[in-house]
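Beneath this line is the structure, given in structure tokens, with notes to follow.
Computation of the quantities below employed the complete heavy-atom set of this structure, encompassing side-chain atoms and omitting hydrogens, waters and symmetry-equivalent molecules.
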Amino acid sequence: MQKKLRNTDRVEKFVSAIDVYEPTELVNHVDQFRLFARYMSRAIDGRYLERHPASELLPSLEGLLKASLRREHGDVIVKLTPEDTVGSRQAVLASCMPGQPFHFSTIRLGLEQLGVKSFRFVHGSVPMRRDVT
């Protein structure tokens with residue numbers, strides 16, 4: 001019988017997974033990814049990690065950072081990207097904009113009204129500073 005992990009143990013396990021995860025899309029931004037993922041880990045509840053393991057969540061965080069690195073100052077981004085897997089009926093909704101919590105909640109409510117189910121929800125306000133690169 002496997003012992004159930006405590007919430008703090010799940011978070012610690014997730015933080016350990018960050019250190020060994022190798023980004024596939026951000027190979028030139030590995031250090032930034034690790035800092036970003038660690039920052040996001042402070043807001044992730046251990047109960048959430050029970051349903052969404054690091055192997056699924058870390059690529060999602062990589063996608064979030066990738067979207068924010070490409071964003072130009074002043075851009076408003078709301079993007080619904082279908083999953084690449086053939087036959088998949090899943091997609092990722094990413095947004096980065098002023099008034100984020102209100103807009104994102106409104107978008108999710110609209111999708112829910114259309115019968116679109118949400119399987120994973122990561123919402124974090126992360127301070128970012130960009131340079132010319």
Side-chain angles (χ1 to χ4, degrees):
M1 186 169 130
Q2 188 175 7
K3 182 181 168 187
K4 204 168 175 153
L5 290 175
R6 297 177 309 162
N7 288 340
T8 53
D9 294 335
R10 287 187 196 108
V11 173
E12 287 175 10
K13 187 176 175 184
F14 178 72
V15 171
S16 296
I18 292 169
D19 294 334
V20 296
Y21 178 77
E22 291 298 328
T24 58
E25 298 184 60
L26 297 173
V27 293
N28 296 325
H29 300 282
V30 174
D31 291 338
Q32 290 94 331
F33 171 76
R34 295 202 198 298
L35 288 171
F36 176 76
R38 282 179 171 274
Y39 184 89
M40 292 296 290
S41 74
R42 294 187 223 161
I44 297 174
D45 188 296
R47 293 167 294 184
Y48 182 88
L49 293 172
E50 184 176 25
R51 295 184 309 273
H52 304 281
S55 60
E56 295 176 8
L57 189 53
L58 287 171
S60 295
L61 291 179
E62 184 178 358
L64 289 173
L65 181 59
K66 181 181 174 186
S68 64
L69 288 172
R70 289 190 315 217
R71 182 176 171 263
E72 295 295 323
H73 180 72
D75 279 355
V76 175
I77 294 178
V78 178
K79 185 169 62 173
L80 188 62
T81 308
E83 194 175 79
D84 288 339
T85 311
V86 175
S88 174
R89 297 185 64 205
Q90 295 185 31
V92 174
L93 172 66
S95 66
C96 187
M97 66 188 94
Q100 168 78 8
F102 171 76
H103 293 297
F104 194 74
S105 295
T106 303
I107 293 164
R108 287 190 65 217
L109 180 61
L111 291 172
E112 184 178 307
Q113 291 297 312
L114 293 171
V116 176
K117 293 181 182 171
S118 175
F119 294 102
R120 179 176 301 121
F121 175 59
V122 178
H123 178 66
S125 297
V126 180
M128 291 222 149
R129 182 176 58 199
R130 294 176 190 83
D131 59 19
V132 293
T133 60

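- Across all their heavy atoms, A17 and A54 have their closest contact at CB-CB, 3.7 Å.
- With sequence neighbours excluded, the residues forming a side chain to side chain donor-acceptor pair (under 3.5 Å) with R38 are D19, listed by chain and number.
- The side chain to side chain contact (heavy atoms under 4.5 Å, CB included) search around L35 returns none, not counting sequence neighbours.
- When all heavy atoms are compared, the tightest approach of S41 to I18 is CB-CD1, 4.3 Å.
- E25 is linked by a side chain to side chain contact (heavy atoms under 4.5 Å, CB included) to E62, K66, counting only residues two or more places apart in sequence or in another chain.
- The ring-ring contact (aromatic ring centres under 6.0 Å, His included) check on Y21 picks up F33, with sequence neighbours excluded.
- L58 contributes atom CG, which lies 9.5 Å from atom CZ of R34 (distance to the nearest 0.5 angstrom).
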